[in-house]
2 protein chains.
Amino acid sequence: MATFLSPGPTRPSTATQEPEKEFNICLVGSGGVGTIAAVVLEKSGRARVTVVLRGSYGVVNEMGFDIESVDHGDLKGWKPSRVVPSIEEATFAPRTAHPTPLPTGAATPMESPRERYDFLVLSTKQLPDKYSLAQLVSPLITPGLTSIVLIQNGIFIHVPFTTLFPTNVTMSAVSMIGSFTEPPNKVKQIGPDILQIGAHYHPGVDDSVSAERTQTFIDMYVSGGAKSCILAPDMMLARWAKLLWNAPYNCLCALMEMTVGEIQSSGAREKLVEPMMREIVAIAKADGTKLTEDLVQEMLWRSPESSRYRPSMLLDREQGRPMEIEVILGDAIRKGKELGVQAKVMESVYELLCLVRWKSENPIEKGEMHIG
Amino acid sequence: MATFLSPGPTRPSTATQEPEKEFNICLVGSGGVGTIAAVVLEKSGRARVTVVLRGSYGVVNEMGFDIESVDHGDLKGWKPSRVVPSIEEATFAPRTAHPTPLPTGAATPMESPRERYDFLVLSTKQLPDKYSLAQLVSPLITPGLTSIVLIQNGIFIHVPFTTLFPTNVTMSAVSMIGSFTEPPNKVKQIGPDILQIGAHYHPGVDDSVSAERTQTFIDMYVSGGAKSCILAPDMMLARWAKLLWNAPYNCLCALMEMTVGEIQSSGAREKLVEPMMREIVAIAKADGTKLTEDLVQEMLWRSPESSRYRPSMLLDREQGRPMEIEVILGDAIRKGKELGVQAKVMESVYELLCLVRWKSENPIEKGEMHIG
């Protein structure tokens with residue numbers, strides 16, 4: 001445990017200088033969810049984790065993360081094995097890692113070895129309307145070798161990966177963690193890390209391989225001290241179930257700038273949340289996943305009546321960050337259209353959230369005209 | 001014209017003290033629309049107008065209205081024949097109007113005469129969710145005598161009146177005026193006063209009587225110098241046509257806190273406005289009113305592309321006043337339900353606007369919980 005408390009130096013990536021860990025892992029998206037995942041994976045003792053940091057690289061590289069965690073305690077100045085400022089830097093061993101003069105037999109700067117990652121963990125926000133995450137991280141993926149782990153919101157988020165990387169294992173996780181960042185380098189985990197992880201089976205990879213790699217990742221994650229990490233044998237069921245809560249509550253809270261408790265007290269649970277859930281059930285059914293009435297009721301009534309929970313999209317809106325409209329609402333609606341299932345309430349909420357997005361991207365000063 | 005420029009004293013209501021005007025009119029709702037209507041009616045020379053003022057009675061009784069009008073010029077300190085602070089005061093001649101000692105033959109204070117109004121003009125906001133306007137103004141209505149004139153938003157707003165006052169003429173006006181108030185006593189009319197007025201025919205009154213009284217009111221209104229006041233032979237068509245613009249644009253602007261131009265530029269015209277218009281067309285059709293495709297296209301494209309117009313409900317929301325959700329959206333949706341016509345986009349927008357209303361009525365302090 002002590003190793004997690006002291007910030008280590010950025011370690012070079014070549015095998016010659018230290019004992020190899022069992023797995024070489026790259027993690028992109030070191031926010032509330034991702035940083036805790038990095039802690040867990042490093043704590044397992046089986047992984048060497050390279051974390052890609054964009055905005056916060058400078059401060060984290062210098063000071064590490066200051067983490068307060070219900071699962072892992074206080075970790076001041078914590079660093080993973082390596083932090084890098086970009087995907088490019090994660091791809092190649094940094095040239096500065098080679099001491100001068102070069103020891104006999106070491107790789108020369110002219111042939112800096114390409115990293116091979118056993119697992120690529122993606123815990124970024126999902127913003128397919130802004131960029132293609134699968135294309136962005138493609139330099140980190142070795143065909144047939146790197147297993148892709150998506151700890152992210154949405155439904156069908158695996159499709160770009162199984163399409164672009166048809167010979168790679170792709171798995172995803174539904175995460176229930178309560179964790180968020182505070183600039184410049186704080187991570188506060190106030191809710192336990194509870195994950196369900198499952199493989200997205202696809203023709204390019206033997207199912208047995210997908211299952212084995214998924215179980216390996218779960219075992220590693222469990223040994224790293226997560227509160228709970230279990231296999232989801234039917235990953236689409238787990239993702240639809242998560243969406244059943246997320247699509248109505250997350251989207252309505254963001255659109256109306258209301259907490260979950262306010263949505264519930266206002267009558268919107270009956271008027272909007274439940275109709276949206278029924279639309280999700282219909283789309284999931286057409287897509288081959290049955291969501292039971294018990295599950296609908298559980299999701300409808302799961303949150304405490306006066307919950308002050310502000311879901312992720314509301315926090316994003318409040319903090320001027322992009323919202324995950326497409327993966328939490330848009331993709332399900334598009335799947336419904338493809339399968340001939342109408343989802344009129346979801347569609348309206350989606351279009352209105354697109355207006356929120358449009359407004360944030362097109363700020364204009366307020367006029368004074370009142371005439372029509 | 002000079003009489004409109006000088007604030008007159010509050011005149012007593014008894015006939016013994018001045019020559020009677022042809023029509024005795026009470027006007028309730030002296031906002032941007034109503035105050036200009038009062039000016040027009042007084043300017044016709046045929047009407048003695050009593051204006052009921054609630055919040056602004058004190059200041060207007062003392063100083064009059066300061067009006068800037070594209071139709072009537074600048075009217076500083078303008079007052080109608082009489083201003084009163086309440087419906088009760090409008091109902092009975094104020095006792096203070098009787099000089100002491102009483103002249104021989106005058107009405108005694110013990111038998112202060114009940115007002116009889118030829119026309120009751122209502123230009124308040126329509127808030128059936130807050131109170132019943134028809135019940136509220138019933139003391140001002142003499143059965144079989146007083147004609148009711150509704151210069152208000154909404155559809156089916158005549159129904160409470162034809163129901164409660166089955167022997168009275170009820171007419172309504174669709175107004176296109178651009179006019180608003182500025183506390184404490186300013187009225188700014190920046191768009192010309194263009195009205196269509198038509199009778200709501202109903203079994204308790206001969207159609208010929210309804211038509212005659214409506215034409216009389218129109219003639220008076222025209223002679224008072226309105227920019228345009230014409231008969232709408234099919235008043236429901238005129239009201240549905242107005243709603244065709246109002247329901248989508250007014251409601252979406254209010255819900256999203258966007259101008260008409262922003263709604264148009266954002267893509268919402270295609271994604272939300274037009275679908276809502278199509279729903280209105282379907283409900284109107286089931287209700288017996290045909291709205292043509294030409295009309296839909298006209299309403300869709302009527303406003304200038306970059307219009308900075310902030311419709312009434314948006315202004316209401318911004319200024320913390322109640323919004324006319326029920327008459328602009330709710331009533332049409334309910335009519336659709338009654339007639340078996342679905343209006344899913346309108347329903348969603350309606351429910352979301354109800355949340356805006358709920359929020360304004362249930363303010364709570366922001367929490368800091370982020371966990372789910």
Side-chain angles (χ1 to χ4, degrees), chain A residues 32 176-180 188-191 245-246 249-250 252 255-263 265-268 271-272 275-276 302-303 306-312 315 318 342 344-352 354-359 361-362 364-372, chain B residues 32 176-180 188-191 245-246 249-250 252 255-263 265-268 271-272 275-276 302-303 306-312 315 318 342 344-352 354-359 361-362 364-372:
Chain A
M176 296 277 289
I177 199 170
S179 185
F180 53 95
K188 293 194 177 174
Q189 186 203 347
I190 57 178
W245 191 92
N246 236 352
Y249 278 111
N250 207 338
L252 289 172
L255 177 60
M256 300 309 299
E257 298 186 286
M258 290 166 76
T259 64
V260 169
E262 286 179 295
I263 291 289
S265 320
S266 65
K271 297 290 192 177
L272 289 159
M276 289 175 79
R302 198 183 69 177
S303 301
S306 61
S307 165
R308 295 171 76 186
Y309 180 39
R310 312 173 85 73
S312 62
L315 296 179
E318 288 176 340
Q342 276 209 332
K344 286 297 210 175
V345 185
M346 281 168 58
E347 268 180 53
S348 300
V349 172
Y350 170 78
E351 294 298 344
L352 293 165
C354 289
L355 292 193
V356 175
R357 178 170 64 197
W358 184 90
K359 264 175 78 180
E361 291 166 357
N362 295 273
I364 65 165
E365 52 186 320
K366 285 197 177 183
E368 283 180 38
M369 290 288 286
H370 299 250
I371 191 172
Chain B
M176 295 278 288
I177 199 169
S179 185
F180 53 96
K188 292 194 177 174
Q189 186 203 347
I190 56 178
W245 190 92
N246 236 352
Y249 278 111
N250 208 339
L252 289 172
L255 177 60
M256 299 310 298
E257 298 185 286
M258 289 166 77
T259 63
V260 169
E262 287 179 294
I263 291 289
S265 320
S266 65
K271 297 291 191 177
L272 289 160
M276 289 175 79
R302 198 182 67 175
S303 301
S306 60
S307 165
R308 294 170 78 187
Y309 179 39
R310 312 173 85 71
S312 62
L315 296 179
E318 288 176 340
Q342 276 209 332
K344 287 296 210 175
V345 184
M346 282 167 57
E347 268 180 54
S348 300
V349 171
Y350 170 79
E351 294 298 344
L352 293 165
C354 289
L355 292 194
V356 174
R357 179 171 63 198
W358 183 91
K359 263 174 78 177
E361 291 166 357
N362 295 272
I364 65 165
E365 52 185 321
K366 285 197 177 184
E368 283 181 37
M369 290 288 286
H370 298 249
I371 190 174

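Numbers restart at 1 for each chain; the letters A, B, ... are given by sequence-line order, proteins then strands.
B:Glu361 contributes atom CD, which lies 11.5 Å from atom OG of A:Ser266 (distance to the nearest 0.5 angstrom). Considering CE of A:Met258 and CG of B:Leu352, their distance stands at 9.5 Å, rounded to 0.5 Å. Here the CD-NZ distance, from B:Glu347 to A:Lys344, works out to 11.5 Å after rounding to the nearest 0.5 Å. Atoms CE and SG, from A:Met256 and B:Cys354 in turn, are 9.5 Å apart once rounded to the nearest 0.5 Å.
Of all the listed residues (A:Leu252, A:Val345, A:Asn362), the one sharing the greatest number of non-hydrogen pairs under 4.5 Å with chain B is A:Val345. Annotation: maximal heavy-atom pairing with chain A below 4.5 Å, among B:Ser348, B:Gly267, B:Pro275, occurs at B:Ser348.
In B:Lys359, the NZ atom is crowded: over 12 heavy atoms of neighbouring residues, nucleotides or ligands sit closer than 6.0 Å.
With a 4.5 Å cut-off on non-hydrogen atoms, B:Val260 does not touch chain A at all. Heavy atoms closer than 4.5 Å to chain B are found nowhere in A:Ser303, neither backbone nor side chain. Looking at A:Leu272, the atoms closer than 4.5 Å to chain B (heavy atoms on both sides) all sit in the side chain, from C-beta outward. Both the backbone and the side chain of B:Ser265 come within contact range of chain A, with heavy atoms under 4.5 Å apart.
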